[in-house]
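The structure appears right after this line, and notes come after that.
None of these values were measured; they are calculated from a predicted model.
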Amino acid sequence: MSEKKTTPPGVEVYDLRSAIELLKTYDDEYIETNEPVDPAAELSGVYRYVGAGGTVMRPTRAGPAMVFNKVKGYDDVRVLIGLLASRQRVARLLGAPKEDLGHLLRNSVKHAIPPVVISNDNVPCQEVVHLATDPGFDLRTLLPAPTNTPEDAGPYFTMGMCYAADPETGEHDVTIHRLCVQGKDEISMYFVPGRHLDQFRIKAEEAGKALPITISIGVDPAIEIGACFEPPTTPLGYDELAIAGGLRGRAVELVKGVAVDALGIANAEIVIEGELVPNYRVQEDQHTHTGKAMPEFPGYTGEAKAAVPVIKVKAITHRKHPILQTCIGPSDEHTNLAGIPTEASILDMVERAMPGLVKNVHCPSPGTGKYVAVLQVGKRGPQDEGRHRQAALLAFSAFSELKHVFLVDDDVDIFDLSDVMWAMTTRYQGDVDTIFIPGVRCHPLDPSQDPAFSPSIADHGITCKTIYDCTVPYALKHNFQRSQFLEVDVTRFIPDFKM
């Protein structure tokens, strides 16, 4: 499928500020306020109503990205929230129709462009430099890390691109992690088991060495989307910054740190440089003792971990008047960050195995971008009966954290969940169209995946994966034709009409 470009002529996105300028060309994508806001819970409390969406507690809605120009206690730093909390906005930022984003990202993987290292001369992210050795250095007074709720373990950086190298091979990886500010120069880092940066950290720790790392905040949104690809599409040692290069058609530029032997993203608003210290752990909520971390993507507040690794901060560099980017954990920002790369991964695996069968994939908001996928299949003849269920099995292989797959025909709009539910109502019988796959490892943040919830679950993080086949048997397709209406030019009657 070819992607139709939709970016306004003459507008090019290459960093966060150009992304904001693009959004300003639309009436409904960006707002800012000069009202002073407290980063401790108030900022997220505001955006919960304005545009968070996702699994956030109701009432919430899809809305514009928002910049707070005045943050209490911080004269020089602005905060942006919700940049990617709308699929339509992601589509505009990437220059493609929202229905084609999975195909666009799949194509970017196939045409990836590796990042390049540039000179430190006049690099945007190093316009201002604060070294940990400077008198009075304190990251807590330099950067307004928000808390999502009053119960959070502490202030969190939620949109930091964490970048480090394998200490044995030198291969790089970039991912987003839960980063809690623990002191003037310490940040705790929570790893879901299996994450690639954690493998790098473990290798360094076993050798008794610190792992140099950078955290780039406020970057081109193509980098943030590309960073969320997971295996098997991006195996250990695959640098996801190359996907962002493929999306933009040019390499992401990196720059050497001023205090550590690691690379940061040159056009970032803020770069935190540090080292993951070997054999050093802290209690995640050591300052609040709430027992809770922060709201996670399933819509529940995560448990504070008793012992998490620590980054010792060595320097903070940033642009003049920087913009700190953040998000609400369960917002639609997560749906898009996780879900669109998942769509691309499923499309790629199924297309390689069964070309032409799956037309499109959607990982919708209620499934958090990780747990639910809707596959649109086009049965071309009796030989495709049953192969569509094999496609669902491949989807589980493409993304191990997937819990439910819905199969629908190609006359169903997979981006309209009302249409998906219509297919489930009229094309699904629970006793013959439900396929259970019990006892499979999934994702530990789903609270229902626990022995206390069901005796069928052997251990926390194990689930029963399920396929819901809402497709019509090929032999019966003639009985399930949707009513056909006359094609008309609606603009004759409503001149400004838009679908």
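- Nearest heavy atoms, Ala338 versus Thr368: CB-O, 4.5 Å.
- The heavy-atom pair separating Thr426 from Phe480 by the smallest distance is O-CE2, 3.4 Å.
- Using a 4.0 Å cut-off between charged side-chain N and carboxylate O, Arg92 and Asp28 make a salt bridge.
- For Gln199, the CD atom is densely surrounded, since the number of other residues' heavy atoms within 6.0 Å is greater than 12.
- With respect to the salt-bridge test (charged N to carboxylate O, under 4.0 angstrom), the residues Arg178 and Glu284 qualify.
- Residues Asp348 and Ser345 have side chains that never bring a donor and an acceptor to within less than 3.5 angstrom of each other.
- A salt bridge between Arg17 and Glu21 is absent, with no side-chain N of the basic residue lying under 4.0 Å from a carboxylate O of the acidic one.
- Ring-plane geometry between His443 and Tyr371 is classed as perpendicular, the angle between the planes exceeding 60 degrees on a 0 to 90 degree scale with a lower cut at 30.
- Counting only N and O atoms by type, the side chains of Ser331 and Glu333 include no donor and acceptor under 3.5 Å apart.
- There is no side-chain donor-acceptor pair under 3.5 Å between Asp409 and Thr471.
- The closest side-chain heavy-atom distance from His196 to Glu230 is not below 4.5 Å.
- By the 4.5 Å heavy-atom criterion applied to side chains, Glu296 and Thr301 are not counted as neighbours.
- Look at Glu401 and Arg195 and you find a salt bridge, because one of the NZ, NE, NH1 or NH2 atoms lies within 4.0 Å of a carboxylate O, short of that distance.
- Side chains of Asn107 and His103: a donor-acceptor N/O pair is absent below 3.5 angstrom, by distance only.
- Annotation: side chain of His388 is in contact with side chain of Lys379 (closest heavy-atom distance under 4.5 Å).
- The closest side-chain donor-acceptor pair between Thr434 and Tyr428 falls under 3.5 angstrom.
- Here the side chains of Lys370 and Cys363 are not in contact, with every heavy-atom distance at 4.5 Å or above.
- Residues His172 and Asp239 bring no donor and acceptor atom of their side chains to less than 3.5 Å of each other.
- The list of salt bridge (charged side-chain N to carboxylate O under 4.0 Å, His left out) pairs with a residue in residues 476-491, not counting sequence neighbours, reads Asp419-Arg482.
- Side-chain contact annotation: Thr491 with Lys498, donor-acceptor N/O pair under 3.5 Å absent.
- In the model, Glu224 has a side-chain atom that pairs as donor or acceptor with a side-chain atom of Gln325 under 3.5 Å.
- The pair Asp285-Lys292 does not count as a salt bridge, with every side-chain nitrogen at least 4.0 angstrom from each carboxylate oxygen.
- A salt bridge between Glu351 and Lys110 is absent, with no side-chain N of the basic residue lying under 4.0 Å from a carboxylate O of the acidic one.
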